[in-house]
Asks: 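Here it is: the structure, laid out below.
Both ligands and their constituent atoms are indexed starting at 1 by order of listing. If you're wondering where the values come from, they're calculated on a predicted model, not measured in any experiment.
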Amino acid sequence: MRQEERLIKRLKTYSASDFYPFHMPGHKRNPELGAEYGNPFEIDITEIHGFDNLHHPEGILKESMEWAASVYGADHTYYLVNGSSCGVLAAVCGTVSHGGTILMSRNCHKAAYNAAFLNHLDVRYVYPQVIGDLGIQGGILPEDVENILQENPGIQAVLIVSPTYDGVVSDVAGIAEAAHRYGKPLIVDEAHGAHFPFGEDFPVSALDLGADVVIQSLHKTLPSFTQTAVMHVKGDLAPVAELERYLRIFQSSSPSYLFMAGIENCIYHMDREGRTEMGKFYRSLQNLRAELRGMLHLRLLDEEWVGRFGVYGLDCSKIVVMVDNTGLNGAGLERILRERYHLEMEMCTADYVVAITSLGDRSEGLKRLADALLEIDRELTDEPEDPDRESDLEWSGRVTSKPEVEMTIYEGLTAGKEPVAVSDSVGRISGEFVYIYPPGIPIVAPGEMLLPSLVHTIEEYQEMGLSVQGLADESGRTIQVVKRP
Ligand SMILES: Cc1ncc(COP(=O)(O)O)c(C=O)c1O
């Protein structure tokens, strides 16, 4: 390898360029926020005398996590150095017994599916609403959760994602009430809502709305290192000892002190200056959104959807820009923003792009985003409508993926399998996950029937150049299906 090809050199070169991040981590590479860390080697230690042990905390880490719990109003707060992924894995495995049943929203992150695989779970899905014809997932309805719980008394826990990647918040209080009526713990994957507890203009955190276990990625929307997250527990419906057991399994046995100090620093900062900064950040978002409402062709996901399609609230820090009827698809808009404006988005789907903003953003960055989108929008005036556009949308964003579950995820993944061309896979049972990443929500999970609509979705995502992952065949031409008996 040549000297300048090393990852560190690439990172430094990129960091010095004019590319601006509208993606995580939430510190946005803002030098003002990381000044205290200096040379990372200086503070990178292991479990030496006086520095406690995350897997058996009885000293400074125990005190630190107890202090954090008091900030959040939780009974227990755990520092996670393996992201929300390990929190979701521990929460699912800790609340549902091996071979047991969980009620999960279909838009869960792949960590939840991995937990279902590891512990051979039987999964019942509750589907989010779909917002009009936008191809964007709305909220989960409490009555849907209630109905499924009523029909399936064996369910041991409920897991939902709120907010979604796109900032859609469900009626968590209503869902918690429904779960509690049946004596089941509610786990909320609030990976994208770690900023909620610190900003009164933002949606209320699930922890204050009755959820029993709440997982938040500090690194996504707050100034904290990538991989840092927290898990909170409140009340006595979730078995704390089991949750802790699984955290010890899923977390590294050498948790980084840099990360743990970063978690504590982040919460410390947010509980003080952060609360005022969130107010300023909210006002700058209002200005940004007001400007973007002036777009004539591109559309902003905005407050008008609140109260419909299960959308209980919206996180205004997620800038979701829709491309319907513009002749562009989400990947195209993302490419223009990257190549022409050097603005890197968090993700795109067929129908929209998502920019993550945070209090780490500088006003110069928000201005660049507004100017770029308004300019692209003005240019769209004269663009001819793509004649294929309707057929794209027919299958991609608008399809609500409701596969038929034929076997558990474990059975599907471990069955005898064979590859078939994706185009010939209709009617077969999938032996692998297929998802676009981000957001990592499966289009198909192992053990599910490959319905025509799902196969079309996969093919169209591939044609659009979206990052379709999970297939063993990296060319994306074949899919592993369960062998017929
Ligand atoms: C909804 C959701 N949950 C969990 C995760 C995993 O979080 P982490 O990257 O902190 O492990 C993600 C990651 O994107 C996510 O979108």
Side-chain angles (χ1 to χ4, degrees), residues 21-27 77-93 102 104-116 125-128 136-140 158-170 172 175 186-196 203 205-206 211 213-232 246-247 249-252 255-256 259-260 262-263 266-267 315 317-318 320 345-349 352-356 358 433 435-443 466-467 469-470:
F22 282 105
H23 51 80
M24 50 187 94
H27 56 67
T77 291
Y78 301 94
Y79 291 171
L80 310 179
V81 295
N82 294 83
S84 284
S85 299
C86 78
V88 171
L89 281 161
V92 173
C93 294
I102 186 167
M104 226 161 84
S105 61
R106 178 67 188 193
N107 55 354
C108 275
H109 183 259
K110 60 183 177 176
Y113 291 85
N114 288 337
Y125 295 107
V126 54
Y127 284 85
I136 294 186
Q137 285 168 351
I140 304 289
V158 180
L159 166 62
I160 63 159
V161 175
S162 178
T164 62
Y165 223 113
D166 311 323
V168 170
V169 175
S170 291
V172 176
I175 295 168
L186 172 66
I187 306 161
V188 178
D189 175 347
E190 204 172 65
H192 288 274
H195 53 304
F196 288 1
S205 168
V213 183
V214 178
I215 300 129
Q216 300 166 328
S217 290
L218 300 184
H219 70 94
K220 291 195 200 299
T221 55
L222 290 178
S224 198
F225 293 113
T226 296
Q227 279 191 222
T228 55
V230 282
M231 182 170 94
H232 312 289
Y246 278 102
L247 278 182
I249 293 173
F250 293 122
Q251 297 236 67
S252 163
S256 159
F259 286 3
M260 292 188 284
I263 293 173
C266 172
I267 300 170
D315 171 10
S317 76
K318 289 285 172 77
V320 178
M345 298 297 107
E346 169 63 25
M347 71 144 179
C348 69
T349 69
Y352 59 96
V353 300
V354 181
I356 290 188
S358 82
F433 285 103
Y435 50 86
I436 48 170
Y437 200 87
I441 299 161
I443 303 164
L466 297 173
S467 176
Q469 297 183 15

Asks: side-chain contact (heavy atoms from CB on, under 4.5 Å), that's the test. Do Met260 and Val81 meet it? Break it down for me.
Replies: CA-CA 7 Å; Met260 292 188 284; Val81 295; 3.9 Å; yes
Asks: Where on Gln227 is there a heavy atom closer than 4.0 Å to ligand 1, on the side chain, on the backbone, on both, or on neither?
Replies: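 Neither part.
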Asks: Under 3.5 Å, side chain of Asp189 to main-chain N/O of Ala191, donor-acceptor pair present?
Replies: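 Looks like yes, one N/O pair under 3.5 Å.
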Asks: Counting each atom of ligand 1 from 1 as listed, which ones have a heavy atom of Val161 under 4.0 Å away?
Replies: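 Heavy-atom distances to Val161 below 4.0 Å select 1 (C).
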Asks: Nearest to atom 1 (C) of ligand 1 by heavy atom, Thr164, Asp189, Thr228: which?
Replies: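 Result: the heavy atom closest to atom 1 (C) of ligand 1 is in Asp189.
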Asks: Under 4.0 Å from a heavy atom of Tyr165: give me the atoms of ligand 1 that qualify, with their elements.
Replies: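 Those atoms are 14 (O), 16 (O).
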Asks: By number and element, which atoms of ligand 1 are closer than 4.0 Å to a non-hydrogen atom of Gly83?
Replies: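 Numbered from 1, ligand 1 contributes 10 (O), 11 (O).
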Asks: What distance do Phe196 atom CZ and Glu190 atom CD have between them, rounded to the nearest 0.5 Å?
Replies: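 If I round to the nearest 0.5 Å, the distance is 6.0 Å.
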Asks: Between Ser84 and Ser217 (side chain of the first, backbone of the second, donor and acceptor by atom type, cut-off under 3.5 Å), is there such a pair?
Replies: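 Looks like yes, one N/O pair under 3.5 Å.
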Asks: State the atoms of ligand 1, each with its element, that fall below the 4.0 Å cut-off from a heavy-atom position in His192.
Replies: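 Listed by number with element: 1 (C), 15 (C), 16 (O).
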Asks: Identify, with sequence neighbours excluded, every residue that meets ring-ring contact (aromatic ring centres under 6.0 Å, His included) alongside Phe225.
Replies: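 ring-ring contact (aromatic ring centres under 6.0 Å, His included) list for Phe225, sorted by chain: Tyr37.
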Asks: Are the side chains of Ile267 and Val230 in contact, using a 4.5 Å heavy-atom criterion?
Replies: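 Side chain of Val230 against side chain of Ile267, heavy atoms only: contact under 4.5 Å found.
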Asks: Would you please determine whether His219 falls within less than 4.0 Å of ligand 1 on a heavy-atom basis?
Replies: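 A heavy atom of His219 does come that close to ligand 1.
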Asks: So, 4.0 Å and heavy atoms of Lys220: is ligand 1 close enough to count as a contact?
Replies: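 Yes; Lys220 lies near enough to ligand 1 that a heavy-atom distance drops under 4.0 Å.
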Asks: Should you measure from each heavy atom of Ser217, which atoms of ligand 1 turn up under 4.0 Å away?
Replies: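 Heavy-atom distances to Ser217 below 4.0 Å select 7 (O), 8 (P), 10 (O).
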Asks: Would you kindly specify which portion of Ser85 sits under 4.0 Å from ligand 1, judged on non-hydrogen atoms: side chain, backbone, both or neither?
Replies: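 Both of them.
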Asks: Short question: side chain of Lys110, backbone of Pro442 - any donor-acceptor pair under 3.5 Å?
Replies: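 Not a single qualifying donor-acceptor pair exists.
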Asks: Answer with yes or no whether the side chains of Ser224 and His219 bring together a donor and an acceptor at under 3.5 Å.
Replies: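 There is no such pair between these side chains.
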Asks: How does Ala191 reach ligand 1, by side chain, by backbone, by both or by neither, if only non-hydrogen atoms under 4.0 Å count?
Replies: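 It is the side chain that gets close, since no backbone atom is under 4.0 Å.
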